[in-house]
Amino acid sequence: MKILMVCLGNICRSPLAEGILKSKLRAHGIENVVVDSAGVSSYHIGEKPDPRTMKNARKHGIDLSDQRARQFRQEDFDRFDLIYAADRSIYNALCSMAQGPEHLKKIKMMTEEAFPGKMIDIPDPYYGSENDFESVFQLVDTSCDAIVQKYFVKK
Ligand code: 4NP
């Protein structure tokens, strides 16, 4: 299984989602899952995650320092099984890049498994306060918990 997390810049929400999901899979002893992240924009290609995102994640024991931003590319539709969008604008951007139903069916909201059918956005914290980074962490954490439960925890 290969999972891609996608936001706008690939420096706040999606690197956090990548780090949190990897950490949860590790904690459950689940291997053979590839988790990556990307941004739909080219704004921050090659950059480390935003220092505020890294600081907040570190507070929760998650290290994002090895990540570097990259842009979403067309071949990601074939490389990944599930493509999670941080908010509706990213969801719509991905849908408009999809070439056919095989691509479209891979695209979901990052919050979908936690809040099915609700289309809940992970708000962009870039222009926000320290509190916004913490609330983004909590929502991404809840979302990743639900992904692990749905796909990887045998019931
Ligand atoms: P992200 O946050 O999409 O969660 O990585 C943002 C990062 C940068 C910008 C916007 C959102 N920006 O406008 O540069």
Side-chain angles (χ1 to χ4, degrees), residues 1-26 33-99 103-104 106-148 150-151:
M1 174 88 100
K2 295 189 175 72
I3 298 178
L4 184 65
M5 301 297 195
V6 186
C7 63
L8 181 62
N10 193 210
I11 56 168
C12 293
R13 294 163 294 176
S14 63
L16 180 64
E18 176 185 336
I20 290 177
L21 185 56
K22 282 179 172 170
S23 158
K24 289 185 187 298
L25 291 170
R26 207 177 305 120
V33 182
V34 172
V35 183
D36 192 11
S37 64
V40 295
S41 81
S42 60
Y43 304 157
H44 297 279
I45 292 174
E47 293 180 22
K48 287 186 175 191
D50 185 287
R52 299 162 297 172
T53 295
M54 282 205 281
K55 184 176 172 212
N56 195 263
R58 206 177 307 121
K59 201 175 83 186
H60 295 278
I62 309 270
D63 179 15
L64 307 178
S65 60
D66 287 341
Q67 294 193 40
R68 298 294 180 273
R70 74 164 178 94
Q71 190 167 20
F72 180 85
R73 41 184 179 262
Q74 195 57 234
E75 70 232 43
D76 289 323
F77 281 120
D78 298 314
R79 275 186 57 216
F80 291 90
D81 304 297
L82 289 167
I83 300 173
Y84 282 111
D87 64 30
R88 273 166 293 183
S89 73
I90 305 299
Y91 183 89
N92 291 337
L94 291 170
C95 289
S96 70
M97 280 186 267
Q99 293 179 337
H103 292 173
L104 276 173
K106 296 181 177 185
I107 307 168
K108 292 177 153 206
M109 292 287 282
M110 225 178 259
T111 54
E112 173 62 22
E113 322 308 353
F115 307 101
K118 297 264 196 294
M119 297 295 282
I120 292 175
D121 291 337
I122 314 256
D124 175 358
Y126 195 63
Y127 295 103
S129 68
E130 212 168 297
N131 279 348
D132 295 318
F133 283 85
E134 177 58 21
S135 57
V136 162
F137 185 97
Q138 294 302 331
L139 191 50
V140 172
D141 191 71
T142 300
S143 301
C144 290
D145 257 338
I147 292 169
V148 171
K150 172 162 176 166
Y151 292 104

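Read the numbers this way: they start at 1 and go in the same order the structure lists the ligands and their atoms.
Ser143 is not listed as a side-chain neighbour of Glu113, based on a closest heavy-atom distance of 4.5 Å or more. The side-chain heavy atoms of Arg70 and Asn10, taken from C-beta on, include a pair separated by under 4.5 Å.
Contacts classified as salt bridge (Lys or Arg N to Asp or Glu O under 4.0 Å) and involving residues 114-123 (residues at least two apart or in different chains) are given here: Arg88-Asp121.
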Between the protein and ligand 1, are there any N or O atom pairs that come within less than 3.5 Å of each other, and if so, what are their names and distances?
{"from": "ligand 1", "atom 1": "2 (O)", "to": "Asp124", "atom 2": "OD1", "distance (Å)": "3.4"}
{"from": "ligand 1", "atom 1": "3 (O)", "to": "Leu8", "atom 2": "N", "distance (Å)": "2.8"}
{"from": "ligand 1", "atom 1": "3 (O)", "to": "Gly9", "atom 2": "N", "distance (Å)": "2.9"}
{"from": "ligand 1", "atom 1": "3 (O)", "to": "Arg13", "atom 2": "NH2", "distance (Å)": "2.9"}
{"from": "ligand 1", "atom 1": "4 (O)", "to": "Arg13", "atom 2": "N", "distance (Å)": "2.8"}
{"from": "ligand 1", "atom 1": "4 (O)", "to": "Arg13", "atom 2": "NE", "distance (Å)": "2.7"}
{"from": "ligand 1", "atom 1": "5 (O)", "to": "Gly9", "atom 2": "N", "distance (Å)": "3.4"}
{"from": "ligand 1", "atom 1": "5 (O)", "to": "Asn10", "atom 2": "N", "distance (Å)": "3.3"}
{"from": "ligand 1", "atom 1": "5 (O)", "to": "Ile11", "atom 2": "N", "distance (Å)": "3.0"}
{"from": "ligand 1", "atom 1": "5 (O)", "to": "Cys12", "atom 2": "N", "distance (Å)": "2.9"}
{"from": "ligand 1", "atom 1": "14 (O)", "to": "His44", "atom 2": "NE2", "distance (Å)": "2.8"}

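For Lys22, the NZ atom sits in a packed shell: over 12 heavy atoms of surrounding residues, nucleotides or ligands are nearer than 6.0 Å.
In this structure Phe137 satisfies the ring pair (Phe, Tyr, Trp, His ring centres under 6.0 Å) test together with His60, sequence neighbours excluded. In this view, Tyr126 and His44 satisfy the ring pair (Phe, Tyr, Trp, His ring centres under 6.0 Å) rule, not counting sequence neighbours.
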